[in-house]
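Each remark here refers to the structure printed beneath this line.
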Amino acid sequence: FLEGKDYFDFGLGRSIRPFYSRRIGLAPDRSTIPIIAGARLLGKTGNTTLGGMSIQTTNHDSILSTNYTVLSWKQDILQQSNVVLFGVGKIEPNRQNVVYGADFLYSTSNIFGDKNLSFGGALAQSYTSDADEKTGLAHRLFLNYPNDLIDFSAIWDRAENSFNPETGFLRRTNYQMYNADLRIKPRPKFLPWIQIMEFKPFDFN
């Protein structure tokens, strides 16, 4: 499952993963669930990257045969940017859990002449057919300006209590996380023995 995993690495950060391959073929008690068959398609043509995988597991104790499917469509735009649409499904007899969403990245290395800038975000919604709250949302927004004199980054992550990525990984539920970091890093040419200095006016999360 690890080969080609970058095709299914969606932009919600480390704490929110709609797809986590180690969920497949493993029961809650850590016992192994046999896999009947699976298929995977990975490829790129022009500015479009496609990824797809579908795996069927067999019955195991009280766990019914289940289909796991993940699909990803990535389109490169501009020079260093892209947009991604994705869907993840866990389909059991008479029960479904799916996560679908999109992420976006804008990146440039020539803003203000020769400066770097990137920003973007991702939004995902889960649907669980037998849950009291059938749908739930999660998102991530970020801004990164990593340059010599000014180095600034900010992130906002959020997952609702009802967000339920059963084929994924969720570090914790019902949370929001804010993080911002500003560093001032001048290069004092009048002090030849010092290559760079760093001041940190604020860092909060």
Side-chain angles (χ1 to χ4, degrees), residues 1-42 49-58 60-75 82-105 120-142 155-179:
F1 297 149
L2 296 180
E3 182 181 353
K5 66 178 182 178
D6 291 344
Y7 283 76
F8 311 119
D9 185 15
F10 309 121
L12 285 155
R14 295 181 179 180
S15 298
I16 306 172
R17 295 186 183 181
F19 178 73
Y20 188 58
S21 62
R22 294 181 182 178
R23 294 286 193 191
I24 302 174
L26 196 64
D29 63 0
R30 313 300 293 178
S31 61
T32 300
I33 301 175
I35 293 174
I36 300 173
R40 178 170 54 193
L41 174 65
L42 308 173
T49 302
L50 298 174
M53 183 165 60
S54 184
I55 295 172
Q56 187 75 35
T57 62
T58 189
H60 175 74
D61 295 334
S62 62
I63 300 174
L64 299 178
S65 179
T66 303
N67 177 265
Y68 298 86
T69 296
V70 54
L71 299 170
S72 173
W73 172 80
K74 176 181 177 182
Q75 185 70 31
N82 60 70
V83 61
V84 177
L85 299 178
F86 61 86
V88 183
K90 177 186 177 184
I91 310 301
E92 306 168 78
N94 303 316
R95 185 181 186 275
Q96 301 84 42
N97 172 260
V98 296
V99 177
Y100 45 87
D103 73 58
F104 167 75
L105 168 67
L123 176 66
Q125 182 175 55
S126 68
Y127 169 81
T128 307
S129 62
D130 61 349
D132 292 334
E133 292 186 64
K134 296 185 183 301
T135 62
L137 290 173
H139 75 246
R140 174 182 174 87
L141 299 174
F142 74 90
I155 299 172
W156 176 27
D157 289 347
R158 179 174 180 266
E160 294 181 347
N161 187 55
S162 55
F163 183 69
N164 180 33
E166 293 186 5
T167 316
F169 173 81
L170 188 62
R171 191 176 299 274
R172 52 182 176 170
T173 60
N174 195 27
Y175 83 99
Q176 292 194 76
M177 183 188 74
Y178 303 91
N179 179 281

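In this chain, residues are counted from 1 in sequence order.
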Exercise. Rounded to the nearest 0.5 Å, how far does CG of Leu26 lie from OG1 of Thr57?
Worked result: 11.5 Å
Seminar exercise, completed: Output for pair (Tyr175 OH, Leu170 CG), nearest 0.5 Å, gives 6.5 Å
For this session: Drop me the distance from Ile33's CD1 to Arg23's CZ, to the nearest 0.5 angstrom.
Result: 12.0 Å
Problem set entry | Side-chain donor/acceptor of Ser72 to backbone N/O of Phe86, under 3.5 Å | no
Problem set entry | Asn97 side chain to Ser126 side chain, donor-acceptor N/O pair below 3.5 angstrom | no
For this session: Mark yes when over 12 heavy atoms from residues, nucleotides or ligands other than Asp130 sit less than 6.0 Å from its CG; otherwise mark no.
Result: yes
Exercise. For the residue pair Gly52 and Leu71, what are the closest heavy atoms and their distance?
Worked result: CA-CD2, 3.9 Å
Problem set entry | Validation row: His139, Trp156 side chains within 4.5 angstrom (heavy atoms) | yes
Problem set entry | Non-hydrogen atoms of Val98 and Gly89 that approach each other most closely | CG1-CA, 3.9 Å
For this session: To the nearest 0.5 Å, tell me how far Thr58 OG1 sits from Leu64 CG.
Result: 10.0 Å
Exercise. Between Ser65 and Pro93, what is the shortest heavy-atom contact and its length?
Worked result: O-CD, 3.3 Å
Exercise. In Å, rounded to the nearest 0.5 Å, how long is the span from CZ of Arg158 to CG of Leu123?
Worked result: 10.0 Å
For this session: For Pro165 and Val99, work out which heavy atoms get closest and say how close.
Result: CA-CG2, 3.8 Å
For this session: Report yes if the side chains of Tyr7 and Met53 come closer than 4.5 Å at any heavy-atom pair, otherwise no.
Result: no
Exercise. Quick one: are Thr128 and Arg95 in side-chain contact, heavy atoms under 4.5 Å?
Worked result: yes
Exercise. Does the Gln56 side chain pair with the main chain of Ala37, one donor and one acceptor, at a distance under 3.5 Å?
Worked result: no
Problem set entry | Closest non-hydrogen atom pair between Pro28 and Ile63, with its separation | CD-CD1, 3.9 Å
Seminar exercise, completed: The side-chain contact (heavy atoms from CB on, under 4.5 Å) partner of Phe10 among Leu85, Val88, Ile16 is Val88
For this session: Check whether more than 12 heavy atoms from other residues, nucleotides or ligands sit under 6.0 Å from atom CG of Asp132, and answer yes or no.
Result: no
Exercise. In Å and rounded to the nearest 0.5 Å, what is the CZ to CZ distance from Arg17 to Phe8?
Worked result: 14.5 Å
For this session: Start with the C-alpha gap between Ile24 and Phe19, add the side-chain angles, then the distance that decides, and say whether side-chain contact (heavy atoms from CB on, under 4.5 Å) holds.
Result: CA-CA 10 Å; Ile24 302 174; Phe19 178 73; 4.0 Å; yes
Problem set entry | Heavy-atom check, side chain of Pro34 versus side chain of His60, under 4.5 Å | yes
Exercise. Of the non-hydrogen atoms in Arg140 and Gly11, which two are nearest, and what is the gap between them?
Worked result: CD-O, 3.4 Å
Exercise. Does any non-hydrogen side-chain atom of Val84 lie less than 4.5 Å from one of Leu105?
Worked result: no
